[in-house]
Amino acid sequence: MNKDAQMRAAINQKLIETGERERLKELLKAKLIECGWKDQLKAHCKDVIKEKGLEHVTVDDLVAEITPKGRALVPDSVKKELLQRIRTFLAQHASL
Amino acid sequence: MKMEEMSLSGLDNSKLEVIAHEIYTDLIEDSCLGLCFEVHRAVKCGYFFLDDTDPDCTKDFEIVDQPGVDIFGQVYNQWKNKECVCPNCNRSIAASRFAPHLEKCLGMGRNSSRIANRRWGREMLGPQRVGMSAWIASSNNVNKSESDQEDNDDLNDNDWSYGSEKKAKKRKSDKNPNSPRRSKSLKHKNGELGGNSDPFKYNNNNNSSGINYETLGPEELRALLTTQCGVISEHTKKMCTRSLRCPQHTDEQRRSVRVYLLGPSASLPEPEGNVDNDSFDVTESQAIMSRLQWDGSSDISPSDSASSKASTNNSESRKTKKIKPHLSLVGSSGSSSSLTSSKKKKPKPPAPMTPSIYDDIN
C-alpha cells in the first residue's frame, strides 16, 4: 500500500516533470470542445444555475453537479485515445 | 529513483491499467473543474447569459425572403418619401429634387447664382413683394414680360414638393411658346424693375443689363458714352448703363474707358451729356473700332431693354436709374407698382422725383 502510493506519486511527478500531463490536458480540452462535450456541459450549467438562482450559485454546487455528468459525457473515442496515450507514457517509463 | 523505476517495471499490466484510468479520471475532473470555474466566473461577472437569445425575439428579426420586400419585410419603393434637409435654408426637400434645389439655394451653376441672388434680395424685401408682383402678373396683360418673369420665379421656388413640381412643369410647358420672350423679359426686369436696395441685386442688374461694347459701332459708342457711365466691368466685359454720375464707378474709370474706346483725345463728358464731339478723332477711333462688329445687337430691343433705351435716350435712362434709390425706400409696394407705371413715368421730368413716385404708388 505504501509502495503503491509511492509509485503513484512517482508517476504523477514524472507526468508533470516531462510536461506530458500538460500536453494531455491540452489534447483532452481540444477533443472535448471538438465533440461538443463543453457545450453540453454548459447547457447543463445553465439549468443548474437557473435552478439555484443566479446569485446563490457557488463553485462547489457547480462542481458537484457537473463532474459526474462530465465524466459520463466523454465520448468513448476520446477516452480511448487518452488512455492509449497514458499507457504509452507508462510503458516508456516502465521500460526505463 | 532507480528503486521506483524498478518497481514500475515490475508492475503487471492490470496495475498499469488501473493507474492509467486514475490518470485519465484525474484529467477529466481537471477539465470539469476548469469549466466550472469558467462558468462560475461568467455568472458572477454577469456575462454568462449574454449569448442567450430569446426565441421570440429572434422570430421578430428573422430575415424575410419574399419578393417585393426587403430583408426586413418592408416595402422598399418608398424612396419618394425620403426627404433631405437643405443645409443652407433648412427646409426639407424631396430627395429627387434635392440636387436642383441645392444648386439654386447655394447659387452655384450658370443661371442659379442669379436666381439665388434674386431670392436673397426678395427675402430682404419681405414676402409682400412676391404677393404683389404675382397679383400684378395675373391682372396686368400689358406687363406680360414681368408676369413671365414672376412665373419663372415661382417655378424656382416650387421645388419643395412633388405636387408643386408637377404644377411647375405644367406651367413651363404652357410657357414654352413664349420662351424667346422670357429671355427678353429677364433683361427687361433687370433694367426696369430694379426696385430694391439690395446691393447684390443691384450689381446683378447692372451686369446683366450692361452693353457689350464689342457689338457697338463707333457712332453708337460715342452716343452711348455721352450719356452713360460706360465703365467696362471686369467680370462681364460689359459697359455700365447707368448715368454719368453713377456712384459705382469713379471719374477716373470713366475717363480711361473713353480713352480706350474713343482714342486719347476723348475726354470725360460733362454729366449733362455735353461731350466735345469735335475733339473726337474719327479715323483713329475707327481704327480701333474696325475690329468691333455691329451685329444689330439682337438681344437689345427698344421696347424691352433698359440699356438700349439708355443708349438712345439720355434723359430717359437717367431718369430710370435715378428712380431706383427712391423705389428702394418705398419698399415692396413701390417696386411692384413700378412694374405697372414704368411706362407712365418716363415722360415726366426727373426733377420732382420723390413726389412723382409716391403718386405712382397711389
Side-chain angles (χ1 to χ4, degrees), chain A residues 3-4 6-15 20-21 24-25 27-29 31-33 37-38 41-42 44-46 48-50 52 54-55 57-74 78-80 82-91 93-96, chain B residues 1-66 70-73:
Chain A
K3 202 184 167 189
D4 232 31
Q6 210 178 23
M7 196 186 64
R8 271 171 207 172
I11 289 169
N12 265 330
Q13 200 183 343
K14 208 79 173 165
L15 271 173
E20 183 66 16
R21 191 186 151 85
L24 286 172
K25 246 177 111 172
L27 179 79
L28 182 63
K29 204 176 165 187
K31 291 277 176 195
L32 290 178
I33 289 173
W37 175 87
K38 200 177 174 180
L41 274 195
K42 256 192 175 175
H44 186 62
C45 283
K46 265 173 204 169
V48 172
I49 290 160
K50 274 174 187 162
K52 302 250 173 191
L54 198 71
E55 298 297 320
V57 77
T58 63
V59 183
D60 289 340
D61 290 340
L62 283 173
V63 172
E65 292 278 345
I66 295 306
T67 311
K69 191 139 190 161
R71 237 183 261 156
L73 281 172
V74 178
V78 177
K79 186 175 175 178
K80 272 180 189 162
L82 208 70
L83 280 174
Q84 192 54 48
R85 282 196 64 155
I86 296 166
R87 276 187 213 113
T88 315
F89 174 80
L90 287 177
H93 289 267
S95 65
L96 281 172
Chain B
M1 200 69 176
K2 202 170 182 187
M3 262 280 286
E4 286 166 21
E5 277 165 16
M6 286 298 287
S7 64
L8 202 68
S9 60
L11 287 170
D12 54 12
N13 268 351
S14 64
K15 209 90 188 246
L16 271 181
E17 196 63 20
V18 171
I19 291 173
H21 269 275
E22 273 173 26
I23 294 168
Y24 160 76
T25 310
D26 208 25
L27 285 170
I28 293 290
E29 274 172 16
D30 246 25
S31 291
C32 284
L33 191 64
L35 183 78
C36 286
F37 282 143
E38 197 180 298
V39 169
H40 184 259
R41 179 177 156 79
V43 168
K44 295 301 170 188
C45 292
Y47 61 84
F48 186 61
F49 289 106
L50 278 188
D51 54 346
D52 268 9
T53 45
D54 189 358
D56 293 337
C57 287
T58 50
K59 207 171 283 173
D60 286 346
F61 296 106
E62 262 176 6
I63 291 176
V64 178
D65 188 15
Q66 285 167 3
D70 60 12
I71 60 163
F72 304 108

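Below, chain A is the first sequence line, B the second, and so on; all start at residue 1. Everything numeric here is computed off the predicted structure, so don't read it as measured data.
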Q: Kindly compute the distance separating NZ (A:Lys25) from CG (B:Asp26), expressed to the nearest 0.5 Å.
A: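 CG of B:Asp26 is found 9.0 Å from NZ of A:Lys25.
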Q: Might you point out which heavy atoms bring B:Cys32 and A:Gly70 nearest each other, and give the distance in Å?
A: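 Between these two residues, the closest heavy atoms are SG-CA, 3.8 Å.
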Q: Would you call B:Phe37 and A:Leu62 a side-chain contact if the rule is heavy atoms closer than 4.5 Å?
A: no
Q: Most heavy-atom pairs under 4.5 angstrom with chain B, which of A:Lys38, A:Lys42, A:Lys46?
A: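 Highest number of pairs under 4.5 Å: A:Lys46.
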Q: Taking side chain as everything from C-beta outward and backbone as N, CA, C, O, which of these in B:Leu27 sits under 4.5 Å from a heavy atom of chain A? Side chain, backbone, both or neither.
A: both
Q: Measure the shortest side-chain to side-chain distance between B:Tyr24 and A:Arg85 over non-hydrogen atoms and say whether it is less than 4.5 angstrom.
A: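 Not in contact.
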Q: Roughly how far, to the nearest 0.5 Å, is the NE2 atom of B:His40 from the CD1 atom of A:Ile49?
A: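 These two atoms lie 8.5 Å from each other.
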Q: Given heavy-atom pairs under 4.5 angstrom as the criterion, report whether the side chain, backbone, both or neither of A:Lys79 touches chain B.
A: both
Q: Which region of A:Leu82, side chain (C-beta onward) or backbone (N, CA, C, O), has a non-hydrogen atom less than 4.5 Å from a non-hydrogen atom of chain B, or is it both or neither?
A: side chain
Q: What is the minimum heavy-atom distance between B:Lys44 and A:Glu55, and which atoms define it?
A: NZ-O, 2.9 Å
Q: When you compare the side chain of A:Leu83 with that of B:His21, does any pair of heavy atoms fall below 4.5 Å?
A: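 B:His21 reaches A:Leu83 side chain to side chain.
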Q: For the pair A:Ile86 and B:Glu22, evaluate side chain to side chain contact (heavy atoms under 4.5 Å, CB included) and give the outcome as yes or no after the intermediate values.
A: CA-CA 10 Å; A:Ile86 296 166; B:Glu22 273 173 26; over 6 Å; no
Q: Does any backbone or side-chain atom of A:Val59 lie under 4.5 Å from a heavy atom of chain B? Answer side chain, backbone, both or neither.
A: both
Q: Non-hydrogen atoms of chain B under 4.5 Å away: do they reach the side chain of A:Lys31, the backbone, both or neither?
A: neither
Q: First locate atom CD1 of B:Ile19, then atom CZ of A:Phe89, and finally report the distance between them rounded to the nearest 0.5 Å.
A: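 Reported value, rounded in 0.5 Å steps: 11.5 Å.
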Q: Under the criterion salt bridge (charged side-chain N to carboxylate O under 4.0 Å, His left out), which of A:Arg71, A:Arg21, A:Lys29 is the partner of B:Asp30?
A: A:Arg21
Q: Does A:Arg8 CZ have over 12 foreign heavy atoms under 6.0 Å away?
A: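 Atom CZ in A:Arg8 is packed in, count exceeds 12.
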Q: Between B:Thr25, B:Leu35, B:Leu33, who has the most heavy-atom pairs with chain A when the cutoff is under 4.5 Å?
A: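 Option with the top pair count is B:Leu35.
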Q: Find the distance between CZ (A:Arg87) and CD (B:Glu17) and round it off to the nearest 0.5 Å.
A: 3.5 Å
Q: Does any non-hydrogen side-chain atom of A:Val57 lie less than 4.5 Å from one of B:Phe48?
A: no
Q: Kindly give the heavy-atom pair with the smallest separation between B:Cys36 and A:Ile66, and that separation in Å.
A: SG-CB, 3.7 Å
